[in-house]
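Input: a single structure, listed below in structure tokens.
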Amino acid sequence: MSESQIWDTVDAYFTAHLAPDDEVTEAALRDSDGAGLPQVNVTANQGKLLQLLAEIQGARTILEIGTLGGYSTIWLGRALPADGRLVSLEYSPKHAEVATRNIARAGLDKQVEVRVGAALDSLPLLADENPPPFDLVFIDADKVNNARYLEWALRLTSAGSLIVVDNVVRGGRVVDADSRADDVKGTRDAIELIGSHPRLNGTAVQTVGSKGYDGFALARVLA
């Protein structure tokens, strides 16, 4: 059995026992695939991790940058109390339309709002609304802007908030300081910002599984 086959088998075992998809999440994946959305959503195990992180945080307000088909949105939304709020920012109107249907099917349309447009345009508008600080921010959009999204996350959170940045390993390319690839440069900028910013305390974790070799960064906002 190859290394990647082992990763897939172990992932399937963990998912079956700890994070099985239900009718709602399966339908979200099926409809996303049917609409031709890229298959870059988090895995079920990763979705469950996001839900647990939000529950551990006691999150009442969540900001997601990058909705895609709403699969991760559903996992995060399920952690919210009845009066909780999740704002998800999505660049593509087509993706947002699919996500909105999936979120409604999950019964989360009263708590979740999908805003369409470039996140770097939507974030200043969101800040102008002066919302309560977000308890958790999940960044999973275009990687070139990771550091800019992180800076906005800092403006929209307060001490104790948690920021999660997905896909930070880039198949190992993140260590290439000479890379000209936008995704690598954007990810390195975010990692180095977490490591140097006086208001952030963070780490990064490498992962393997059905999505291959990847990882995520976690940062807690300090006073």
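Index from 1, following the sequence. These numbers were taken from a predicted model, which means no experiment stands behind them.
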Does any N or O in the side chain of Thr61 come within less than 3.5 Å of the main-chain N or O of Asp135, such that one atom is a donor and the other an acceptor?
yes
Hey, any chance Leu76 and Val221 share a hydrophobic cluster, counting ILVMFWY side chains that come within less than 4.5 Å of each other, even indirectly?
no
Using a 3.5 Å distance criterion without hydrogens, assess whether the side chain of Ser72 forms a donor-acceptor pair with backbone atoms of Asn41.
no
Which distance, rounded to the nearest 0.5 Å, do you find between the NZ of Lys110 and the CG of Leu80?
15.5 Å
If you take all heavy atoms of Ala153 and Val137, which pair is closest and at what distance?
CB-CG1, 4.0 Å
From Asn145 atom CG to Leu120 atom CG, the distance as rounded to the nearest 0.5 Å:
4.5 Å
Would a distance-only check, ignoring hydrogens and angles, find a side-chain to backbone donor-acceptor pair under 3.5 Å from Glu90 to Ala96?
no
Going by the salt bridge (charged side-chain N to carboxylate O under 4.0 Å, His left out) test, which pairs reach into residues 24-41, not counting sequence neighbours?
Asp31-Arg105
Determine, for Glu151 against Arg155, whether the closest basic-nitrogen to carboxylate-oxygen distance falls under 4.0 angstrom.
no
Spacing of Lys48 atom NZ and Leu18 atom CG [to the nearest 0.5 Å]:
6.5 Å
Could you state whether Val168 and Leu136 fall into the same hydrophobic cluster, counting links through intermediate Ile, Leu, Val, Met, Phe, Trp or Tyr residues with side-chain heavy atoms under 4.5 angstrom apart?
no
Side-chain heavy atoms of Leu89 within contact of Leu63, under 4.5 Å:
yes
My understanding is that a hydrophobic cluster links ILVMFWY residues whose side chain heavy atoms are under 4.5 Å apart, including indirect links. Using that, what else belongs to the cluster containing Val116?
none
Can you hop from Phe14 to Val42 via hydrophobic side chains spaced under 4.5 Å?
no
Could you grab the distance from atom CG of Leu193 to atom CZ of Arg199, nearest 0.5 Å is fine?
11.0 Å
Give every residue pair that meets the ring pair (Phe, Tyr, Trp, His ring centres under 6.0 Å) criterion with at least one member in residues 130-180, sequence neighbours excluded.
none
Under 4.5 Å between side-chain heavy atoms, hopping through other hydrophobics if needed: is there a path connecting Leu123 to Leu154?
yes
If you group Ile, Leu, Val, Met, Phe, Trp and Tyr whenever their side-chain heavy atoms sit less than 4.5 Å apart, what else falls in with Leu52?
none
Between CZ on residue Arg170 and CG on residue Asp176, distance to nearest 0.5 Å:
13.5 Å
Verify, without hydrogens or angle tests, whether Lys94 (side chain) and Ala35 (backbone) share a donor-acceptor contact under 3.5 angstrom.
yes
For Asp140 and Asn167, the nearest pair of non-hydrogen atoms, with its separation, is OD1-OD1, 2.9 Å
N/O donor-acceptor pair under 3.5 Å between Gln111 side chain and Pro81 backbone:
yes
When you measure from the side chain of Gln57 to the backbone N and O of Gly160, does any donor-acceptor pair fall under 3.5 Å?
yes
As a test of understanding, state which of Thr43, Asn102, Asp21, Thr25 forms a side-chain hydrogen bond (donor to acceptor under 3.5 Å, both in side chains) with Tyr71.
Asp21
Salt-bridge criterion met for Asp22 and Arg78 (N-O under 4.0 Å):
yes
Specify the closest pair of heavy atoms between Arg188 and Ala177, including all atoms of both residues, with the distance to one decimal.
NH2-CB, 3.3 Å
Does Glu23, at its CD atom, have more than 12 non-hydrogen atoms belonging to other residues, nucleotides or ligands within less than 6.0 Å?
no
State, to 0.1 Å, how close Glu55 and Ala79 come at their nearest heavy-atom pair, and which atoms those are.
CG-CB, 3.6 Å
Shortest non-hydrogen contact from Ala106 to Val24?
CB-CG1, 3.5 Å
Roughly how far, to the nearest 0.5 Å, is the CG atom of Leu108 from the CD1 atom of Ile103?
7.5 Å
What pairs of residues pass the ring pair (Phe, Tyr, Trp, His ring centres under 6.0 Å) test when at least one of them lies in residues 16-58, not counting sequence neighbours?
Tyr13-His17
Write down the atom of Ile191, the atom of Ala217, and the distance for their closest heavy-atom approach.
CD1-CB, 4.0 Å
After noting the C-alpha distance and the side-chain angles of Val87 and Arg115, does the key distance pass the side-chain contact (heavy atoms from CB on, under 4.5 Å) rule?
CA-CA 7 Å; Val87 177; Arg115 299 191 179 189; 4.0 Å; yes
Has Asp214 got a side-chain atom pairing as donor or acceptor with Thr207's backbone, closer than 3.5 angstrom?
no
Using modelled atom types and a 3.5 Å cut-off, is there a donor and acceptor pairing between side-chain atoms of Lys185 and backbone atoms of Asp183?
no
In the hydrophobic cluster built from side-chain contacts under 4.5 Å, what are the other members alongside Val98?
Leu37, Val40, Leu68
Starting from Leu218, can I reach Leu200 by hopping between I/L/V/M/F/W/Y residues whose side chains sit under 4.5 Å apart?
no
Check: Leu49 and Phe216 side chains under 4.5 Å, non-hydrogen atoms
yes
